[in-house]
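We count ligands from 1, going down the list as the structure has it; atoms in each ligand are counted the same way.
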Amino acid sequence: MTELLPNYVHGTWVTGSGGGTGGGTPLTDPITGAELMRVSSAGLDLPRAFAHAREQGGAALRALSYGQRAEKLAAVARLLQANREAYHAIALANSGTTASDTAIDVDGGIYTLGQYARWGAKLGDARALLDGAAVPMSKDGVFQSQHLLVPTRGVALFINAFNFPSWGLWEKAAPALLAGVPVIVKPATATAWLTQRMVADVVASGLLPEGALSVICGSSAGLLDALQPFDVLSFTGSAQTAELIRSHPVVVRNSVRLNIEADSLNSALLMPGASDEAQALFVREVVREMTIKSGQKCTAIRRALVPQALYEAVGAAIAAKLAGITVGNPRDASVRMGALVNREQFEGVLAGIEQLATLPSMRLFFDGRRQPLVDADPAVSACLGPTLLGCDDPDGTAPVHRIEVFGPVATLMPYRDLAHAQALIARGEGSLVCSLYGDSTAEGSTALAAAATELAACHGRVHIVSPSVATTQTGHGNVMPQSLHGGPGRAGGGEELGGLRALGFYHRRAAVQADGAVVQALGAVPLVA
Ligand code: NAP
């Protein structure tokens, strides 16, 4: 029988009491279907786990300055870097990802930690932050109001999605720990192994104070019941689960602060009149976004919009590139695209393609369901080729703006003019990211800037690709710690990253009203994002 991964709670490694025959939920290899590990959170003393983190971990972290906590983040990043081969091996086995896809998760997580370590170091010896400048409130100017940010006195609970077991932990934990807030992470069951191993390595190293980092693998049952008023909850996952979390009675009763990163119908827009060069960049990016991590990225391009006259030609160009993508077992060096996370996800993606492809105005520019697999059994593995759909009538086909197929699937659609394109994009009802493809000329830049300003209202990020940044742009779907991650409406309404802006979620803002001398004595430093 495979190993039952222990959970780290109240300073102890505890295995769940199982449940079901054999105990726990199995994690599998998405290529072979083999069972790798099992997880269970059954029987854990969650109130004790949360109290330990809150009291012991929180107090120990708050005793340190931002600068000292930043040093600890840097040390954790170095530790993870030293162990990265083990993490790549776990990702290969449990996520079925190619080395470059694993790097986005593992190395992306380590990079993000390193960035927060560097930014945090600049906050030095302070233990609180200033939000803006002091404002006089009396005629003589002596009595003032200063907004102050202090770390919240609770825990940060992270409930994460399966697609980024490493990055999903560290992009949240870096700002939380820097802020002085202890972390309890509950990774998605399917890929919990990598998160658990990273936490185990950090705990074993003793680099963080006891109680600063805990991990609970398996069912989420009882986690939300353990939340108290000063705790915060950061969730990443589907809109469906997000809805359950938002309406959970304990969350509602205790006004638990929430950050929700949910699903999103992200789009890519080829600008009207764009040059052939910009068009080629568009085609390249759509193909990349469809195939990186087999399209299992919340930021992946789901809707690609082109001027009506280019619809056929661009569809054919993307299809030609997709035909050249080798799909299968990432242990084979020729494979460019690995697996979906498991057979359940595979079935879900097939059902999603079927649902969209059978709508009246839809067509298939490229059908990945027919793609041959390299070194993977189509009856067993979770490997699936990329599929490009076309929607001839994007105005009359509501499901293409609503259904997120969480795999290597995108829909190309034609637009009449820029206003039409922008209206179609807005039908996603709030997305994480939109990318624009245009030219680097003065006229092109002006048009791109105007479109970006228009589209910013319904996106967390607008990513602009033009020939001048063709080789330096960071990628439509790549979430960089320098920029905001999140989006309004359907995307969950959350905000993560964006440099030191991320600290805001883990701090409480209070106005201190006092004699200017008291304000001066606060000893806090400005939060400069
Ligand atoms: P999911 O099914 O919603 O699960 C997300 C997390 O919630 C998992 O840890 C899951 O645990 C947990 N969970 C399930 N039911 C719960 C409940 N009733 N109460 C509390 N927690 C619960 O999503 P997923 O399938 O892992 O991830 C795919 C989705 O995430 C996609 O829609 C994708 O767009 C979205 N996503 C968004 C972002 C973003 O940043 N916006 C990033 C990545 C993914 P179990 O695994 O144990 O069920």
Side-chain angles (χ1 to χ4, degrees), residues 5 7 16 19 24-27 38-42 46 94-95 104-105 108 157-169 171-172 184-193 195-196 215-227 233-251 256 258-266 293-302 340-342 344-349 352 402-407 409 428 430-433 459-461 477-479 484-497:
L5 286 176
N7 305 285
T25 307
L27 312 189
R38 288 168 302 123
V39 292
S40 169
S41 60
L46 296 177
N94 191 195
S95 293
I104 299 172
D105 185 32
L157 171 64
F158 302 155
I159 299 182
N160 282 352
F162 71 79
N163 54 345
F164 286 107
S166 161
W167 177 84
L169 164 61
E171 62 107 10
K172 292 175 197 273
I184 298 177
V185 60
K186 193 248 146 334
T189 295
T191 56
W193 184 14
T195 309
Q196 194 268 4
V215 63
I216 296 173
C217 303
S219 163
S220 57
L223 284 178
L224 274 64
D225 297 305
L227 291 170
L233 166 56
S234 182
F235 168 78
T236 300
S238 64
Q240 236 176 342
T241 311
E243 210 173 312
L244 289 174
I245 286 178
R246 277 186 208 287
S247 55
H248 190 279
V250 172
V251 170
V256 174
L258 287 183
N259 191 75
I260 305 272
E261 300 288 341
D263 52 26
S264 172
L265 274 290
N266 312 294
K293 284 187 72 78
S294 296
Q296 297 173 116
K297 258 174 37 274
C298 51
T299 49
I301 295 170
R302 304 289 175 206
L340 294 164
V341 72
N342 54 30
E344 192 186 342
Q345 194 67 19
F346 172 87
E347 298 295 348
V349 171
R402 185 169 39 80
I403 296 173
E404 181 203 45
V405 183
F406 204 60
V409 184
S431 303
L432 297 169
V433 52
H459 294 89
R461 183 160 60 85
N478 251 359
V479 177
L484 190 71
H485 175 58
R490 160 139 196 188
E495 286 196 358
E496 289 182 339
L497 300 171

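Checked by atom type and distance alone, the side chain of S264 never pairs as donor or acceptor with a backbone atom of S431 at under 3.5 Å. Checking side-chain atoms of R490 against main-chain N and O of R402 turns up a donor-acceptor pair under 3.5 Å. Remark: the backbone N or O of Q296 is not paired with any side-chain donor or acceptor of S294 at under 3.5 angstrom. Between the side chain of S219 and the main chain of S41, no donor-acceptor pair closer than 3.5 Å is present. Checking side-chain atoms of N266 against main-chain N and O of L432 turns up a donor-acceptor pair under 3.5 Å.
Protein heavy atom in closest approach to atom 40 (O) of ligand 1: H485 NE2, 2.7 Å. Among all non-hydrogen protein atoms, the one lying nearest atom 11 (O) of ligand 1 is K186 NZ, 3.1 Å. The shortest contact between atom 35 (C) of ligand 1 and any protein heavy atom is with G237 O, 3.3 Å. With respect to atom 15 (N) of ligand 1, the closest heavy atom belonging to the protein is T241 CG2, 3.5 Å. Given atom 9 (O) of ligand 1, the protein heavy atom at minimum distance is N160 O, 2.7 Å. Looking only at protein heavy atoms, the nearest one to atom 20 (C) of ligand 1 is S220 OG, 3.4 Å. Regarding atom 32 (O) of ligand 1, its nearest protein heavy-atom neighbour is E404 OE1, 2.8 Å. For atom 27 (O) of ligand 1, the closest non-hydrogen atom of the protein is A161 CB, 3.5 Å.
Residues T236 and N163 form no side-chain contact, since every pair of their non-hydrogen atoms from C-beta on lies 4.5 Å or further apart. In this structure, V185 and K172 have side chains that are not in contact, with every pair of non-hydrogen atoms separated by 4.5 Å or more. In this structure the side chain of V250 never reaches within 4.5 angstrom of the side chain of L224, judged on heavy atoms. H485 places a side-chain heavy atom less than 4.5 Å from the side chain of C298. Considering only heavy atoms from C-beta on, F406 stays 4.5 Å or farther from D263 through its side chain. A 4.5 Å side-chain heavy-atom check between V251 and R246 finds every atom pair outside the cut-off. Counting heavy atoms from C-beta outward, L46 and I216 have side chains that approach closer than 4.5 Å. No side-chain heavy atom of E171 sits less than 4.5 Å from a side-chain heavy atom of V479.
No heavy atom of A221 sits closer than 4.0 Å to any atom of ligand 1. Ligand 1 has no atom lying under 4.0 Å from any heavy atom of F164.
The shortest N/O to N/O separation between N163 and ligand 1 does not fall below 3.5 Å. Not one N or O of S219 is nearer than 3.5 Å to an N or O of ligand 1, by distance alone. The shortest N/O to N/O separation between F162 and ligand 1 falls below 3.5 Å. Taking any N or O of I245, backbone or side chain, none lies under 3.5 Å from an N or O belonging to ligand 1.
Nearest to atom 39 (C) of ligand 1 by heavy-atom distance, out of S431, A491, A300, C298, is C298.
Residue-ligand proximity, G218 to ligand 1, at heavy-atom distances under 4.0 Å covers atoms 47 (O). Close contacts between ligand 1 and L244 involve ligand atoms 18 (N) [criterion: under 4.0 Å to a heavy atom]. Atom numbering of ligand 1 starts at 1 in the shown order; those under 4.0 Å from a heavy atom of T189 are 45 (P), 46 (O), 47 (O). Within ligand 1, counting atoms from 1 as listed, the ones closer than 4.0 Å to a heavy atom of A188 are 8 (C), 9 (O), 46 (O). Each of the following atoms of ligand 1 lies closer than 4.0 Å to a heavy atom of L432: 41 (N). Near A262, with a cut-off below 4.0 Å to any heavy atom, the atoms of ligand 1 are 37 (C), 39 (C), 41 (N). The ligand atoms of ligand 1 that sit less than 4.0 angstrom from a heavy atom of D263 are 32 (O), 34 (O).
Surrounding CD of E347 are more than 12 heavy atoms belonging to other residues, nucleotides or ligands, all under 6.0 Å away.
Neither the backbone nor the side chain of T299 has any atom closer than 4.0 Å to an atom of ligand 1 (non-hydrogen atoms only).
Using a 4.0 Å threshold on non-hydrogen atoms, atom 48 (O) of ligand 1 does not count as touching the protein.
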